[in-house]
Amino acid sequence: MADEKELRYDPATIEPKWQERWAADPTLYAADPHDSGKPKYYVLEMLPYPSGQLHMGHVRNYSIGDALARHMWMRGYNVLHPMGWDAFGLPAENAALKNNTPPREWTLSNIAAMKRQMQRLGLGYDWATEITTCLPDYYRWNQWFFLRMYERGLVYRKKSKVNWCPECATVLANEQVIDGRCWRHEDTIVELRDLEQWFFRITAYAQELLDGLDKLDGWPEKVRTMQRNWIGRSEGTEVDFTVEGGPEESSPAKIRVFTTRVDTIFGATSVQLAPEHAITAQFSSTDSVLKEKVAELLDEQKKARETGDIGAIEKHGAPTGRFAINPYNGKRVPIWVANYILADYGTGAIMSVPGHDARDFEFASKYGIPVRRVIAPADPQAEEPALPYLSEDGILINSGEYNGLTCDEAQQRLQHIAKEQAFGEATITFRLKDWGVSRQRYWGTPIPMIHCERDGIVPLPDDQLPVILPANIEITQTGGSPLSRVPEFVNVTCPKCGGPARRETDTMDTFVDSSWYFYRYVDAKNDVEPYAPAKAQHWFPIDQYIGGVEHAILHLIYSRFWTKVMRDLGMILNDEPAQRLFTQGMVIKDGAKMSKSKGNVVSPDDMVARYGADSTRMYALFAAPPDRDLDWQEDGVAGVSRFLGRVWRLTTRHAEAARSAKGQPLAETSGTSLKLLRKLHQTIAKITHDFAGRWHFNTCVAAIMELVNEVQAADAQLTSGEVPAPVIRELLTNLVLLLAPFAPYLSAELWEELGGEGAVLRASWPISNPALAKEDEIEVSVQSNGKLITVIRVPADADAKAIEVAALAEEKVKARIAGKTVVKVIVVPGKTVNLVVK
RNA sequence: GCGGAAGUGGUGAAAUGGCAAACACACCAGCCUUAGGAGCUGGCGCCCAAAAGGCUUAGGGGUUCAAGUCCCCUCUUCCGCACCA
């Protein structure tokens, strides 16, 4: 054929052509500013760190979000679909060291490169709202928020034990330490150091952050569970044990312990102090042997915490020689110091109940501390259980006047008495700690605080914002903040007294940047406030947030916190940033996570160069359901590319017929036409339904393939005119519309080819006609005792009786039940007939 | 140890309790050809030479007329948490 060449699908010419056209129309992917009564839809994908290269995880994440955004546009929503750059962070400083490129330059050129990649992929973002967190017009608002939080007592400074990564040469938040190692350097063990740090009082919202999870039913249960664990609320009781012989210089009056099982207090046979507990120091101040022992225990604990290998560490302890009195029964128990007691949880001291706590049992067994049984199973017939007996469904024994109470009752009674007699109270303890945000690094948001010799810590007035990060600075790997070596930055006058003062030289954790970035998108150019509250109130909460589950704790808990702070500042009305959260699976290759060290990285650029953006994106959606891990197989991309080729040829081949039928109504159809239209409307129904709920885009793509396979099989009838032009038009235009969320380039091209008006993105999503989608004959399986005999065809509206009759009339069925008695017939219309025979 | 998710052909996978393996990849056979990472036709879970037939959703038990799907036990893999008192 002469025009065979024309019939070749060539993404390398189609895609750049459309990319150019889209770039020339900045309103195409922009939210409608006038809004014209359309319902809003805010779809957001997590912004990337500008490493310089998109990886397949990004491609997958953004293909999912873009498909959803496009679908919602076609459904007539006013869609906000923005993108930006999480542009502060250590890699820029490392790159500066390595290549002698300033962090800013390195970052901005990476952003340019990645933006090109995104545009090449055809992702539909509104670049007018793009944000870059390392630029002053963004990070000045970090500083602004810092000051607002300082005013509200949500920012404070304290000296504390912090996680120090020697590799990063800076501190890390608790959330950034994974099994005792740096989240950026898997091989680097994090040290504990004492440093003055700035903190955000996230614990002020601990309870609300926990309670809010119950209402986030659009979030994966997994993420909610992880956050619940992280917040770690535990209800318990604090009780004072009187110290025998106190108070004197080396002996305090009492030790306050924290327990969740105050009901077991009659079984307490010792009190255990953390090595770092103030009272431990008091005791050991007059006892050099103990002092040495405590140092040893502390060392063991530190090591255990640093390696994270806590389960393997052996419990050790040392008796202090002192005794404490149990306030409930006046019993005298020895006071120990133990390496498994942490100073920064609860009160840093516990009562040890070896009979009903596994850890205490292990410890007591080792040191010969008595074990007392004080809880028995509720069922008096039950055998006496082995110790330690950990169940809370029991009743008290050996507990004086409380014998016979259930654990629950006892806890309440004992708490009440502690309160009444002022030796204790019910308390709630959280595992969540305040968020340490100081970083001794250069490439981050400067903290807007001044240290004045006279006035102490002075916040910078708003009119002195932003504090600009100095540009030309020497990056070295030596400790301490690089900013402290820039005199013009450090030396300032105190805003309060005008005297000489020093500027804070720590910068903010980069998780500050990403905690509120999605609010900035709604008003990205605002230079008087972070965003106009009215705009945020219109767009929030985010309707759909999409990203990796690796952010379940860090980013997703910080941004929930930030949202609550902004709400309390009166800037927004929503309590939570995102209504629905979707966490997509990882992209793997040959069964392993893609990584440079494994050499199994597939480059998106490569895929786009070989198969085009449409094929690459569509494969990312087709190869697995979005929530599961996806194994990248290049053959699969080739397969999708071949499929798109078939679509291209099929459509171009019949485009003229389709165009010619413009404006012509669909006549009454039958035969092949009816069959094809039926399939079309079934496909529309399936895909529309999936977008609303399941998001099984893999089966959506498969459904489109089935449709194309069927239309293509009828190619001769399309050519001969047996299938009339209006039907061809109906089939092809709808096919292109269905494809639009998944293969934007090809559908734009074919939409034009079919004579479609305007952008395909502005066309209406097709509506399934149920009457057309309905089959008039369906298949029903016939089973005997659940085993398949045959399949029969019956009219779709056949009732149970008619189906039964039809089934029993089948030769195969007759043969199978010959000589047997049909005891019962179960008919599930539309599905199956099951003959129960004997 | 605790909690969660998962386990289906050679591979990725599909299946509101109702015909297991849709849709693809790979492979096999054939056709075509402007030899292209092309196109078209057919085959493709396992057992059996083939057909007939039988078997089959990690393993075992159960509920049900009917189980990949629901329940119980076991195994394996992955993820999260883990001296948090």
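Lettering follows sequence order; numbering is per chain, from 1. Reckoned from all heavy atoms, side chains included, excluding hydrogens, waters and symmetry mates. Everything quoted here is computed from the prediction, not taken from an experiment.
- Taking atom NZ of residue K787(A) and atom P of nucleotide rG18(B), one finds them 19 Å apart after rounding to whole Å.
- Electrostatic pairing of D214(A) and R228(A) counts as a salt bridge here, judged by a charged N lying under 4.0 Å from a carboxylate O.
- For K315(A) and Y340(A), the positive end sits near the middle of the six-membered ring, less than 6.0 Å away and at most 45° from its axis.
- Note on F643(A): nothing from the nucleic acid sits closer than 4.0 angstrom, heavy atoms only.
- For rC83(B), the base has no donor-acceptor partner in the side chain of Q301(A) [N/O atoms by modelled type, under 3.5 angstrom].
- Using a 4.5 Å heavy-atom threshold, the side chains of M607(A) and W632(A) count as touching.
- At a threshold of 4.0 angstrom between heavy atoms, the contacts of D629(A) are confined to the sugar-phosphate backbone, with no base atom among them.
- Among the heavy atoms of the strands lying under 4.0 Å from N709(A) are primed sugar atoms or P, OP1, OP2 only; no base atom is included.
- Nearest nucleotide to the side chain of R610(A), out of rG37(B), rA13(B), rC23(B): rG37(B).
- Distance N834(A) CG to rC19(B) P: 11 Å, rounded to the nearest Å.
- For K315(A) against rC83(B), a side-chain N or O and a base N or O form a donor-acceptor pair under 3.5 Å.
- The separation between Q783(A) atom CD and rC65(B) atom P is 14 Å, rounded to whole Å.
- Residue contacts shown for Q227(A) are absent, as no nucleic acid heavy atom lies under 4.0 Å away.
- Within 4.0 Å (heavy atoms only), R228(A) reaches no atom of the nucleic acid at all.
- Following rounding to the nearest Å, K812(A) (NZ) and rC19(B) (C1') show an atom-to-atom distance of 12 Å.
- Nearest to the side chain of R431(A), among rC40(B), rA82(B), rG12(B), sits rA82(B).
- Across every strand in view, rC25(B) sits in a pair with rG10(B) that passes the Watson-Crick or G-U test at under 3.5 angstrom.
- Between E706(A) atom CD and rA22(B) atom C1' the separation is 6 Å, expressed in whole Å.
- Residue K222(A) has its side chain nearest to rC79(B) when only rC79(B), rC65(B), rC19(B) are considered.
- The partner of rA85(B), taking Watson-Crick or G-U wobble pairs whose two distances both stay under 3.5 Å, does not exist in any strand shown.
- A sub-4.0 Å separation between OP1 or OP2 of rG80(B) and a side-chain N or O of R224(A) is absent.
- A gap of 37 Å separates the C1' atoms of rC25(B) and rC73(B), to the nearest Å.
- In this structure, rC44(B) makes no Watson-Crick or G-U wobble pair, since no nucleotide meets both defining distances under 3.5 angstrom.
- Close to rU34(B), at under 4.0 Å from its OP1 or OP2, lies no side-chain N or O of R8(A).
- Using the Watson-Crick or G-U wobble rule with both distances under 3.5 Å, rG39(B) pairs with rC31(B).
- Contacts of G346(A) with the nucleic acid, taken as non-hydrogen atoms under 4.0 Å apart, are absent.
- A close approach under 4.0 Å does not occur between any side-chain nitrogen or oxygen of Q272(A) and OP1 or OP2 of rC83(B).
- If you measure from atom CG of D627(A) to atom P of rA13(B), you get 11 Å, rounded to the nearest angstrom.
- For D635(A) and rC25(B), a side-chain-to-base donor-acceptor distance below 3.5 Å is absent, hydrogens and geometry of angles not being considered.
- Using Watson-Crick or G-U wobble geometry with both donor-acceptor distances under 3.5 Å, rA5(B) finds its partner in rU77(B).
- By the rule that a glycosidic angle within 90° of 0 means syn, rG10(B) does not qualify and counts as anti.
- Between E634(A) and K589(A), none of the side-chain N atoms (NZ, or NE/NH1/NH2) sits under 4.0 Å from a carboxylate O, so this pair counts as no salt bridge.
- Remark: the T832(A) side chain and the S781(A) side chain contain an N/O donor-acceptor pair separated by less than 3.5 Å.
- Between the CD atom of E362(A) and the C1' atom of rG1(B) there is a distance of 12 Å, rounded to whole Å.
- Comparing the same atom, C1', in rC44(B) and in rG37(B) gives a spacing of 23 Å after rounding to whole Å.
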